[in-house]
Every structure is written in C-alpha cells, then in structure tokens.
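Basis for what follows: all heavy atoms, side chains included, without hydrogens, waters or symmetry-related copies.
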Amino acid sequence: MNLGYLRGQWHGRMLCTVGSTLALAACGGSDSTPAVQNTAPSFTSSTTASVAENPAGPVYQAAATDAQGDPITYSISGGADASAFSLSGGSLSFVTPPNYDLPGDTDGNNVYDVKLTASDGKLSATLALSITVTNDREGISVTRIATGLTEPVGITGLGNGSELAIAVKDGTVYKVTGATGAVSQYYRFADLSGNPFPGFTLLGITRAAAFPQTQGTYALTKQNGTASIICIDCSIRGTQAIAGSVDSETLAIGTGPDGAAYVAIGDVAGTAAQDSSSRLGKLYRVDPNRDPYAGTSITYYIITQYGQGLRMPAGIAALPNGVLAIADRGASVFDELSIANPTTGLNYGWPYFEGTKEVNAGGSALSGLVVPALALPLGDQFRQSRGIVGGAAYTGSIPGIANQYVFADKGGRIWSMPLSKFVIGDALNTDALEVRDEDFKPDAGVIDQPVGMALDANGTLYILDGDGELFRVSAT
C-alpha cells in the first residue's frame, strides 16, 4: 500500500496497526484525562496584625487556599519571636500575654515577628507575619487637679481622707484636698509681720510619728547654709539644726516603714560620706524628744544615724514588710534605688560605688554595705535615668499598678516594678522595669519634671510636678 497516498488522502488521520493489519482510525483508544499538576497553597491572610497588650485569646487567624482543594495544615516555621507563640488549627496565640510596658520581643519594640507555613501535604507556602502590640492603660487615669503651686519641693499625705500637704520653696505649706483640688494655706514660715525669713528655703515635707502617740508634719528647711528639722503641727513645736554647710539639692525627707521620719543628706564631693565626724552623706532617723527641756540645751528631736555613703538622695519611702527605700543620684554611671531594713550601720557605698560598679578602690572593705536593688544607667533611653526621683508603693485597686513601686526621673519618665521583685541583697535587672509614660499621660498638662509622689490616707496616688501642677492617679 502506498502510505504516502493514504497520508495525503486522509489529511492527518493517523495510521494505526492492529496486529499485522493496517487500519485507519482516529487513534484515541482511551478517554483518560492527563494528570493535573499539584501547586502549593497560597496564603490569603494578612502579613500584619495589631492587638492591645494582655490579650486573653487568639490574636491572629491564618488562612490559605489550595487550587486542588487539598486539606491545609498550618505550623510555626521560624521568625525571631517564634517561641512567643503557639498555633492550633491556624489560630495563633501568645504563650504568655504580652506586656506593652515590658516588651518581650527580640527587638524590644513591641513588634513580634513569626513565620507561618501552610502545607497541603506535598507542597507548602510561608508567610512572614508581624504582630504589633499596642498600649492599654490598664485601668490608669491621671487627672490634673491643681496648678499654680510655685516652686514645689515636696508632698505628703496628711492622714485624713484625701488631704495632702505640699511644700513650696518660699516657705509656704499648702493643704490640698485631693478629691476636689481645693487649695488653702496650711502653714507659713515667716516672721511676726508675715515676711519670709532671710535666706530661708523649704526643702521637703513628710508625715511621721510624733509625741504623744500621734502623727505630725515634719518639714526640712535650710537657712544660711544650715539644714534644720521642725514639726509644724506637733504639740511640741521647735526647730533643730541637723547639718551645716549643705547643698539644697542633696537633701531628702520621708517616712520609714517604722513610721518615723528619716532625713538623708548627700555629699556630692564624696569627701565626707564615709567620715563619721561629718553629717554629710548620712541617713538619720528623727524621733520627737519626750522631754526636750531635760538637758543643758533644748533638744526637740533625737537624731540617730542609720546609714552613710549617700551622694545625692532624692527620695525616701516605705515599702511593705518593713523595708526602707532610698533613691540616690550618681555622678556619671548609675542612679540607684536601695532597699534595707531600717537599722543602724547601713552603708550605701558612695564614693566607692555607683550602683553595683566600684568606681573607687576600697569598696569591698566597707561594712554594712547595701546592695542596690536597682542600678539605673544614666542616659536618655527608656530604662535609663536623667536623675531619679523617689516614688511610692501603691497597693490600691488600679490593676495596672497594684502592688507595684511607682517612681520617676526628673525628666518625666515614669516606671513601675512589682513589689514582689524587691528582695534585700538582690540586684534587679533594668529589663524588669515597666515603662509607664503612656499610661500616665494626664487629661491636662504634662508630667515633665516630677518632684515627688505621695499617697493620701485612702491610698490614692498623687504626682507633684515641678511647674506647680498636681495630678491624681485613679481607676478608669
């Protein structure tokens, strides 16, 4: 047979053979469909997500499609913060609810990076996911309740409801009702004509034990270079010198866990802080004298040295369980917050130590050395200090700061630390500090130069700012 002829006549028909017989046919012989090639799943969920801090459940739902309709399984396959998450059926959750004020991501910027994989059992696709944790004020509300308190230097509760005493530099002590913001004069240091004493400065104020079995408002003052203590509302009221040749910026007054008034006097030069013959660089407990006229001279207060080695004390506060906290400013390396049971013989280390760093040889030989509970590097970062300001132990009902020590620096940064973390003799890492700047933004004004913090008799926290503003911290 002429095959060429057949090809020409049948115009493309295929020539097939069956056994030895030639046959003309369409040559299919089968109706099977070519195999479909498998493709990888494709993610349809977003590469970013945002969630408020402390979420209780899933924070992201992974989603993908498969062209062949195969079932898809999801897994965590990498990312800098992979260990922070768990995954169940595409539902992503944090292993531990994230805290905006204490970031747990690798970069410390509250953006958590994780890689997810979707697989159809044969091929897979990967999604790089970033989850941003945003701030939740955690029940904290800050209200400005008073202004115009010119050059304030200290604040204390008056032991009656929401009443506070605020001391200002010129010698006036104001009473402020925290519930309403009402301001009135409580006491004024002046002569009989109402004129201020020449060379007089009010340095601080605290409410502490008085005689007989009461409380009194103690003021720390300075006149012509000499620092003195006076109880302005005690049954026995008198002024008594406590130290001479002092710098106003180096003194602090507060109340200890034993209820007594404490005065801390700094020594910036470091030449007298370890000298027992000088009152510079020392910590003193102040007790009212039951019989001030018994001796050859009138002695209103019994002043007992409890510690030494202070550079520039900026706050004294009582912590639960009988602990005394002192904030002290360093020279060039660290500010420090030190805690100890109030007793004689304490040594805070200056000029041999700043924080835990030995800056001058000989520090290891000091007896009674107090290890700082927290050493804050000096600087402008979130967990660095621009001049520590003492704070208060808040044990009230606001969830975000309950059972925490709240304190600040003079540049307006506010921190908190759980009271449970303070253990005498242990040094905490600054990574444990919660940065609370956003939580403490007030309804009006700005907290940009804190002077001090105090609790009223109801346990409400107040912050006094250097430009004369007073802020109340309450529950949202």
Step by step, work out the side chain to side chain contact (heavy atoms under 4.5 Å, CB included) result for Ser332 and Glu354. CA-CA 8 Å; Ser332 58; Glu354 276 190 51; 3.9 Å; yes

Residues in salt bridge (charged side-chain N to carboxylate O under 4.0 Å, His left out) contact with Arg311, at least two apart in sequence or another chain: none

Report the C-alpha separation of Arg144 and Asp443 in whole Å, then their side-chain angles, then the decisive distance to 0.1 Å, and conclude whether the side chain to side chain contact (heavy atoms under 4.5 Å, CB included) test is met. CA-CA 7 Å; Arg144 187 178 68 181; Asp443 65 334; 4.0 Å; yes

Would you say the side chain of Glu163 lies within less than 4.5 Å of the side chain of Asp456, judging by non-hydrogen atoms? no

Inter-residue atom distance Asn160.CG - Gln215.CD, 0.5 Å rounding: 11.0 Å

So, Tyr462 versus Phe471, ring centres under 6.0 angstrom or not? no

Using atom types as modelled and distance alone, determine if a side-chain donor or acceptor of Asp101 lies under 3.5 Å from a backbone N or O of Glu434. no

Minimum-distance pair of heavy atoms, taken over all atoms of Leu203 and Lys222: CD1-CB, 3.8 Å

Test your reading of the model: is there a side-chain donor-acceptor pair from Glu53 to the backbone of Asp136, 3.5 Å cut-off? yes

For Ala393 and Leu419, work out which heavy atoms get closest and say how close. CB-CD2, 4.0 Å

Are the aromatic ring centres of Phe94 and Tyr112 under 6.0 angstrom apart? yes

Exercise: identify the closest heavy-atom pair between Thr250 and Val268: CG2-CG2, 3.7 Å

So, do Gln223 and Thr221 sit near enough that their side-chain heavy atoms are less than 4.5 Å apart? no

Looking just at side-chain N and O atoms, do Thr134 and Ser50 make a donor-acceptor pair shorter than 3.5 Å? no

Would you please classify the geometry between the Phe407 ring and the Trp415 ring as parallel, tilted or perpendicular, with 30° and 60° separating the classes? tilted

Residue pair Leu369 / Phe353, side-chain heavy-atom distance below 4.5 Å: yes

Can you confirm whether Ile303 sits close enough to Arg279 that some side-chain heavy atom of one is under 4.5 Å from a side-chain heavy atom of the other? yes

For Val359 and Pro351, the nearest pair of non-hydrogen atoms, with its separation, is CG2-O, 3.4 Å

Flag for Tyr186-Asp233: side-chain donor and acceptor within less than 3.5 Å: yes

Is it true that a side-chain atom of Glu151 and a backbone atom of Lys169 form a donor plus acceptor pair closer than 3.5 Å? no

Would you please test Phe440 and Val406 for side chain to side chain contact (heavy atoms under 4.5 Å, CB included) and show each step? CA-CA 11 Å; Phe440 279 79; Val406 182; 4.0 Å; yes

Could you give me the CA-CA distance, side-chain angles and deciding distance for Ile131 and Leu92, then say whether side chain to side chain contact (heavy atoms under 4.5 Å, CB included) is met? CA-CA 10 Å; Ile131 296 185; Leu92 188 70; 3.7 Å; yes

Atom CG of Asn360 with >12 non-hydrogen neighbours under 6.0 angstrom: yes

When you check the side-chain N and O atoms of Thr460 and Asn458, is any donor under 3.5 Å from an acceptor? no

Is there a donor-acceptor contact under 3.5 Å linking the side chains of Asn347 and Gln274? yes

Close side-chain approach of Asp191 to Phe197, heavy-atom, < 4.5 Å: yes

Evaluate the side-chain proximity of Val286 to Gln240: yes if any heavy-atom separation is below 4.5 Å, no if none is. no

Would you name the heavy atoms of Pro377 and Arg383 that are closest together and state the gap between them? CD-O, 3.8 Å

Paired with Ile230, the side-chain contact (heavy atoms from CB on, under 4.5 Å) test is passed by just one of Phe189, Tyr300, Tyr218, namely Phe189

Taking only Lys NZ, Arg NE, NH1 and NH2, and the carboxylate oxygens of Asp or Glu, determine whether Lys282 and Asp267 approach each other closer than 4.0 Å. no

Among Arg137, Arg472, Lys441, whose side-chain contact (heavy atoms from CB on, under 4.5 Å) with Val142 holds? Arg137

In this structure, CG of Leu116 is separated from CG of Leu87 (nearest 0.5 Å) by 6.0 Å

Side chain to side chain donor-acceptor pair (under 3.5 Å) between Thr343 and Asn341, intermediate numbers included: CA-CA 6 Å; Thr343 183; Asn341 292 317; over 6 Å; no

Donor-acceptor contact present, side-chain Asn289 to main-chain Thr299, <3.5 Å: yes

Is there a donor-acceptor contact under 3.5 Å linking the side chains of Glu438 and Tyr100? yes

Tell me every residue that passes side-chain contact (heavy atoms from CB on, under 4.5 Å) with Pro58, counting only those two or more places apart in sequence or in another chain. Ser91, Ser93

Can you find a pair of side-chain heavy atoms, one from Val246 and one from Leu280, that are under 4.5 Å apart? yes

Nearest heavy-atom approach of Arg207 to Gly157 is CB-O, 3.2 Å

Side-chain contact test, heavy atoms from C-beta onward, threshold under 4.5 Å: evaluate it for Ile242 versus Ser228 and give yes or no. no

Distance (rounded to the nearest 0.5 Å) between Leu376 CG and Asp328 CG: 12.0 Å

Does atom CD of Gln305 have more than 12 heavy-atom neighbours, drawn from other residues, nucleotides or ligands, at distances under 6.0 Å? yes

Does a donor on one side chain sit under 3.5 Å from an acceptor on the other, for Asp81 and Thr106? yes

